[in-house]
Every structure is written in structure tokens, then in C-alpha cells.
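The structure appears below as C-alpha cells.
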Amino acid sequence: MTGEPRRVHRLPRHRTQWEIDEQTTLGAAYVRSLMRSQLRAGIAAFAVLALPVVTLPLFFAALRNATVVWVVLGFGCYPLLVLIAWWYVRRAERNERDFARLVRGTDPPGTP
């Protein structure tokens with residue numbers, strides 16, 4: 001316990017990861033890029049969701065059939081919501097995977 005302290009060898013870190021950890025201008029640009037891509041995916045999902053939500057009341061007013069309205073609301077909307085959610089999650093995970101590859105400094109698969 002009284003001996004000279006050993007040197008701690010740090011694992012080599014990639015330059016990009018250092019930029020992000022140290023919150024440099026370049027690191028902030030990387031993080032902003034990820035945030036923008038996630039925002040674009042969220043806005044796209046919202047736009048795809050907003051289109052049916054806006055047009056369904058017009059469709060129901062023209063239809064004037066309560067049974068069909070309840071069938072569409074009960075069974076027709078949920079598959080669309082699940083599909084939009086599935087697409088959004090896949091897109092967000094891909095954005096994060098691409099960002100992690102950028103930080104680690106590895107090339108995407110299929111790149112020479």
C-alpha cells in the first residue's frame with residue numbers, strides 16, 4: 001500500500017468520442033446532427049398520423065353511417081397507429097446506430 005502508484009492505462013478513445021465528451025464545437029455539431037435526424041423522423045411520423053386524423057371527420061360526415069364509423073374507429077385506426085409507431089422506432093434506432101458507428105469510427109457494413 002505504500003508503494004508507488006501504478007500508471008493507469010486508459011483505453012484508446014476515438015477522436016469523435018473525445019469531441020463529444022469534451023463538448024467541443026465539433027462534438028456539439030455531431031450531437032445536433034443526431035437530434036435533427038431524430039426530429040425529422042418524429043415530424044414525419046406526426047405528419048403521416050395527422051393526415052388521417054384530419055380527414056377522418058370529413059369522411060365520417062359524408063358517410064353518415066354509425067356502424068361503419070365505429071368499425072373504422074375500432075379496427076381501422078389501430079393497425080395504422082402500430083405501423084407508424086413501428087416505422088418511427090426502426091428509424092430512430094437506425095439513426096442512433098449510425099451515430100454510434102460515427103462515434104466509434106467504424107464504417108457501415110458494405111463500405112469498402
Side-chain angles (χ1 to χ4, degrees):
M1 292 292 180
T2 59
E4 191 172 314
R6 294 181 185 170
R7 293 183 74 182
V8 176
H9 296 286
R10 291 189 172 204
L11 295 174
R13 292 186 351 178
H14 299 284
R15 176 91 175 138
T16 308
Q17 185 177 0
W18 179 86
E19 295 281 350
I20 292 169
D21 289 344
E22 295 299 318
Q23 298 179 357
T24 64
T25 305
L26 182 59
Y30 285 133
V31 173
R32 271 195 314 274
S33 172
L34 173 64
M35 291 172 63
R36 274 195 308 270
S37 63
Q38 297 291 47
L39 179 63
R40 276 193 301 271
I43 289 173
F46 177 75
V48 170
L49 176 65
L51 182 66
V53 167
V54 169
T55 58
L56 271 178
L58 300 173
F59 172 71
F60 293 154
L63 193 62
R64 296 186 182 152
N65 185 342
T67 306
V68 174
V69 169
W70 282 107
V71 168
V72 169
L73 286 176
F75 299 108
C77 292
Y78 291 108
L80 178 66
L81 292 174
V82 168
L83 184 65
I84 292 170
W86 175 81
W87 175 84
Y88 174 75
V89 168
R90 297 265 317 222
R91 179 68 183 208
E93 287 175 348
R94 188 177 80 194
N95 289 341
E96 291 174 3
R97 205 171 32 251
D98 292 345
F99 182 75
R101 260 192 227 112
L102 174 71
V103 169
R104 283 193 310 264
T106 57
D107 292 330
T111 305

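What you are looking at is a predicted structure, and each value in this text was computed from that prediction instead of being measured.
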Hey, could you give me each pair passing side-chain hydrogen bond (donor to acceptor under 3.5 Å, both in side chains) that has a residue in residues 31-60? Not counting sequence neighbours.
-> Q38-N95, Q38-E96
Tell me the side-chain hydrogen bond (donor to acceptor under 3.5 Å, both in side chains) pairs involving residues 66-92, sequence neighbours left out?
-> none
Between C77 and L56 the two heavy atoms that sit nearest each other are SG-CD1, 3.9 Å
Please check if L81 and L73 belong to a single hydrophobic cluster, counting links between Ile, Leu, Val, Met, Phe, Trp and Tyr side chain heavy atoms closer than 4.5 Å.
-> no
What pairs with V89 under side chain to side chain contact (heavy atoms under 4.5 Å, CB included), at least two apart in sequence or on another chain?
-> E93
